[in-house]
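The structure appears below as structure tokens.
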Amino acid sequence: MVSAAEKDTVRVWRNARLATLNESLPGLGIVEDGAIAVRDGRIAFVGPEADLPAEFSAAETVDCEGRWITPGLIDCHTHLVHAGDRAHEFELRLAGASYEEIARAGGGIVSSVKALRAASEDDLVRQTLPRLDALIAEGVTTVELKSGYGLDTENELKSLRAARRIAEQRDVTVRTTFLGAHALPPEMNGDKAAYIDKVIGEMLPAIAAEGLADAVDGFCEGIAFSPGEMAKVFDAAKRFGLPVKLHADQLSNLNGAALAASYGALSADHLEYTDDAGAAAMAQAGTVAVILPGAFYFIRETKKPPVELFRKHGVKMAVATDSNPGTSPLTSLLLTMNMAATLFGMTVTECIAGTTREAARALGLVDEVGTLEAGKWADFVLWDIGRPAELVYRMGFNPMFARIRSGH
Ligand code: DI6
Ligand code: FE
């Protein structure tokens, strides 16, 4: 919490090199010899230090000694709230089993469901915080947390309440997403239609009544839910005024990207199997493509997301960890950027925009965070680097110097 005295503080960061990500500037929106002035937790001025308005000349000043500043990093797709791990399944996969085989044999997401149901809300918070702390240590200031390992009303509520509590325990902005349509829980005995009815008729109303979800997501896949089933969930989300997103075309092309676009989804995520029509529909709808190289790498997928098609159609691309126990036990957004570049050929600018401005867009927050622009929250990171490419280039090294959230 910000005290009244702190709130009134005006502070200036000077002698910095800024990657503003301001869309009206080319590339990273670089400003050399830059300064940022912050008032009441928001950016009041950003630009060349020579242009700093006189009203800030008496302000408390931080000399950045020529360091680079970027917007605070944003991880816009995570399943950080989970219990236990799936290291055993990892060993099975190393011995030759596939992710889908393990899922069909009752492992996979369902084994994380058992673990989450057995954990208390306190336990869940306690187990999640170290993973969140790893992200924060690399400059993450906004994170999305999905439910989706509860798969009944009580346990989905527990997951989202844990997510809201986590937001109070750390200096980070949390957006929560209800992912009830993640997998079919065992007690439904294969009856997907009945489960979808429960998601819509029981779980979503209970979650909306407590204001626990900022968005609704689903897993549209052969091993999960069909486009028709997801459409029902999206219709219900619309009735509650909640924006939607979708795990789409990860393992096969069910035209999930086009389905998401037809609902004006904030994002469609994964997208390895998305085709030209899917990319065109996303561009038309302004649906962000969230690229998740951690899952691609970890399950040794070989079909790459069609980055070229997204560029061709002008689809905005975000990059996120997909941090989860089954397909992406990854808690480094910096390493994720390296993977997006190395595995998918994304450029340095695309990777950095993908973890700042475009990630903000994928969460519906681009008017508040994601770039260094006057009026936005003062969330930014000082880096000990010589050029922005270093954020993407290194593997397993953290050059963060300082992390500022809401000007503190
Ligand atoms: N796609 C994924 O990669 C994760 N969820 C999803 O819908 C996997 C989640 C898990 O295996 O626990
Ligand atoms: Fe995911």
Side-chain angles (χ1 to χ4, degrees), residues 75-90 92-93 97-117 127-128 131 143-151 155 159 163 175-185 199 215-226 229-230 233 244-252 254 256-257 260 265-274 288-301 303 305 318-331 333 336 339 359 362-363:
D75 194 350
C76 68
H77 179 141
T78 87
H79 310 251
L80 278 188
V81 178
H82 62 261
D85 63 70
R86 304 236 292 278
H88 174 61
E89 287 178 15
F90 176 59
L92 292 178
R93 286 199 303 105
S98 76
Y99 177 68
E100 280 160 297
E101 280 162 8
I102 290 169
R104 289 188 197 283
I109 293 171
V110 167
S111 62
S112 292
V113 171
K114 287 188 191 122
L116 184 132
R117 288 178 176 180
Q127 289 193 43
T128 301
R131 296 188 278 269
V143 65
E144 186 246 20
L145 302 177
K146 298 180 196 291
S147 67
Y149 293 116
L151 306 187
N155 288 291
S159 304
R175 299 301 271 188
T176 57
T177 301
F178 170 51
L179 177 57
H182 193 197
L184 190 66
V199 166
V216 172
D217 193 353
F219 188 17
C220 186
E221 192 57 64
I223 56 169
F225 298 100
S226 69
E229 286 157 348
M230 280 318 310
V233 174
V244 300
K245 30 183 67 230
L246 189 65
H247 286 69
D249 309 335
Q250 180 186 7
L251 308 169
S252 62
L254 296 184
L266 286 173
S267 69
D269 304 41
H270 285 291
L271 306 171
E272 278 79 348
Y273 288 82
T274 297
V288 176
V290 179
I291 305 295
L292 303 169
F296 172 94
Y297 165 87
F298 197 72
I299 63 175
R300 287 192 272 188
E301 177 59 69
K303 182 111 168 64
V319 173
T321 62
D322 192 19
S323 190
N324 78 69
T327 62
S328 191
L330 171 61
T331 45
L333 197 50
T336 306
M339 289 176 162
L363 295 178

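Remember, predicted model here, so these are calculated numbers, not experimental data. We count ligands from 1, going down the list as the structure has it; atoms in each ligand are counted the same way.
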Under 3.5 Å: donor-acceptor pair, side chain of [X], backbone of [Y]:
X: Arg93; Y: Phe298; answer: yes
X: Glu301; Y: Leu251; answer: no
X: Arg131; Y: His82; answer: yes
X: Gln250; Y: Glu272; answer: no
X: Ser323; Y: Leu330; answer: yes
X: Lys245; Y: Asp269; answer: no

Atoms of ligand 1 less than 4.0 Å from [X] heavy atoms?
X: His247; result: 1 (N), 6 (C), 7 (O)
X: Ile109; result: 9 (C), 10 (C), 11 (O), 12 (O)
X: His270; result: 1 (N), 2 (C), 3 (O)

**OP:** State, to 0.1 Å, how close Val319 and Pro293 come at their nearest heavy-atom pair, and which atoms those are.
**Re:** CG1-CD, 4.4 Å
Subject >> Nearest atoms (heavy-atom pairs only) where Leu266 meets Ala362 >> reply: CB-O, 3.5 Å
**OP:** Give yes or no for whether the N/O distance cutoff of 3.5 Å, strictly under, is met between Thr327 and ligand 1.
**Re:** yes
Provide, to 0.1 Å, the distance between [atom] and the closest protein heavy atom, together with that atom's residue and name.
atom: atom 8 (C) of ligand 1; answer: Tyr99 OH, 3.3 Å
atom: atom 9 (C) of ligand 1; answer: Tyr149 OH, 3.3 Å
atom: atom 1 (N) of ligand 1; answer: Gln250 OE1, 3.0 Å

Original post:
N/O/S atom of His77 under 2.8 Å from the Fe ion (ligand 2), yes or no?
Top reply: yes
Original post:
According to the interplanar angle, ranging from 0 to 90°, do the rings of His182 and His79 count as parallel (below 30°), tilted (30 to 60°) or perpendicular (above 60°)?
Top reply: parallel
**OP:** Return the option from His182, His79, His77, Arg86 holding the heavy atom at the smallest distance from atom 10 (C) of ligand 1.
**Re:** Arg86
Original post:
Asp322: which N/O/S atom is nearest the Fe ion (ligand 2)?
Top reply: OD1
Subject >> ligand 1 versus Asp322: contacting region, heavy-atom distance under 4.0 Å >> reply: side chain
Original post:
For Glu221, is the nearest heavy atom under 4.0 Å from an atom of ligand 1?
Top reply: no
Original post:
What do you reckon, does His82 put a non-hydrogen atom under 4.0 Å from ligand 1?
Top reply: no
